[in-house]
Amino acid sequence: MNPSSVDRVLTKISEDRIVALAQDLIRVPSINPPGNERPVAEHLAGCLREMGMDVTVTDLTVHPGRPNVVGVWDTGASGPTLLLNGHIDVVPPGDGWSFDPFAATVRDGNLYGRGACDMKGPIACMVAAIEAIAGAPLHGSVIFTGVAGEEADQSGTRQLVADGIRADFGICGEPTGMVPVIAHKGDFYYDITTFGVAAHGGLPHLGVNAVEKMVPVIQGVQALSTRLKEKSHPLCGHPTVSIGLIKGGVITCAVPDRCTISLDRRLIPGESPEEASAEIEGMLQAIAQVDPQFRAEVKTPVMALPMEIDADEPVVLALRRATETVTGKDPGVQGWSATCDANMLVNDAGIPTCIFGPGDIGGQAHKPDEHIAVSSLVDGARAYALAIMWLLQ
Ligand SMILES: [Zn+2]
């Protein structure tokens, strides 16, 4: 592509258009839980149809009434397929806002509202980017997927993967401050329950106290936490384990017969779930060997695999070059502690997917007065547009 085609695309990105797109999305609440994504899915489907995309709105099998919206723009010339992925649900607004969370107010160069940053703003950038490159002489196709359910059970992207979605490369538009994320940790939740025998609190020797049986388990988790610091990933740092919940007993005057802790175990790329589960099972077996009364079980209710793609993937290089063209600075690459839908696209669908979008997920998302700088929306849309153009040229 020569410089003039870059300029042509960049001048097609208008601040007013992106802000209007983002405001319209924010003003259609899609709070999850419970997950009322249908109105925003229908709205987005309308935008994509107006742009001439081939659009489908399909309910999730596991959540009837809650749809994904998928739009396809086919250049008409044979070439690769680029997947753009963004979740259309938002977390509940909570309290403490200075603005109506669904009014999409622009003030002092920022757009405020639930989803402004995570991630209706970045979705508006993707839509504006497709609009800007539509009509350019490119090859292949762009599939835009607006998915439900990311903030709770990742059901929207899971459905796309189960339905066999295919692409040569992908961009998951979570807010990364426009620094490409090429690796993130996995997230496994373990519920460990110890069992005892109930008895009157005044006659504790007649029972087995399940809370007391949890003591060596907690000590074992602390020791595991220390051992995990010996492992490291260049972009994601150490794996971690944290006890997030503890439940045990029903009343002070009774010996509890069960106690449960919930662990949040973050895996770095290269660690396997089997390895992580074996560490926990091994710890429980070691306790059982010295305490014949010890009985415990482990459940793994939530899991997301770690993700990593090569730094030389074309999608990563295109996003870095696009960002440098727009901002004047090569952003490099980074790793994340959080998981997102990209893990399924990479691990299950085999699509090299880079997480990339404007906005700061740590500083601006999932809190009161969520916002995104209008200037970063413009930069984000421009970077997406150039990356699409270079990947499909
Ligand atoms: Zn998000």
Side-chain angles (χ1 to χ4, degrees), residues 21-22 25-26 28-37 40-41 44 60 63 66-69 83-94 101-102 104 111-127 144-161 170-187 236 264 266 302 304-307 319 334-346 353-373 376-377 380-381 383-384:
L21 281 167
L25 292 170
I26 293 166
V28 187
S30 49
I31 299 166
N32 185 18
N36 57 334
E37 293 97 342
V40 82
L44 198 46
L60 307 187
H63 298 305
R66 297 176 54 190
N68 286 337
V69 52
L83 175 75
L84 301 178
N85 176 272
H87 63 84
I88 56 175
D89 57 330
V90 296
V91 295
F102 301 106
L111 170 62
Y112 288 84
R114 177 53 88 224
C117 171
D118 184 16
M119 56 178 284
K120 289 176 170 176
I123 287 178
C125 294
M126 287 179 161
V127 173
F144 169 84
T145 58
V147 294
E150 194 274 345
E151 295 288 9
D153 59 4
Q154 292 81 47
S155 45
T157 295
R158 185 167 292 113
Q159 173 98 47
L160 293 178
V161 171
I171 300 171
C172 179
E174 292 282 357
T176 68
M178 292 182 60
V179 179
V181 171
I182 61 167
H184 71 57
K185 288 181 179 174
D187 197 357
C236 296
D264 180 344
R266 303 283 166 133
V302 179
L305 291 170
M307 171 295 252
L319 286 166
Q334 63 173 333
W336 255 14
S337 291
T339 179
C340 74
D341 278 356
N343 94 78
M344 287 174 278
L345 298 171
V346 172
T353 303
C354 186
I355 310 165
F356 176 92
D360 170 9
I361 200 162
Q364 298 166 344
H366 290 212
K367 53 167 79 169
D369 290 345
E370 177 176 346
H371 62 281
I372 190 164
S376 74
L377 287 173
Y384 284 143

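Just follow the structure's listing: the first ligand is 1, and inside any ligand the first atom is 1. Below, each value reflects all heavy atoms present in this structure, side chains not excepted, and no hydrogens, waters or symmetry copies.
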*Asks:* Sequence neighbours left out, what passes side-chain contact (heavy atoms from CB on, under 4.5 Å) with R66? Give chain and number order.
*Replies:* N32, E37, H63
*Asks:* Taking salt bridge (Lys or Arg N to Asp or Glu O under 4.0 Å) as the test, write out the residues that go with D264, two or more places apart.
*Replies:* R266
*Asks:* Closer than 2.8 Å to the Zn ion (ligand 1): how many protein N, O or S atoms are there?
*Replies:* 4
*Asks:* Report yes if the side chains of Y112 and I26 come closer than 4.5 Å at any heavy-atom pair, otherwise no.
*Replies:* no
*Asks:* Would you call E174 and H87 a side-chain contact if the rule is heavy atoms closer than 4.5 Å?
*Replies:* yes
*Asks:* Would you list the pairs meeting side chain to side chain donor-acceptor pair (under 3.5 Å) in which at least one residue belongs to residues 353-364, sequence neighbours left out?
*Replies:* none
*Asks:* Are any of the side-chain heavy atoms of D118 and E151 separated by less than 4.5 Å?
*Replies:* yes
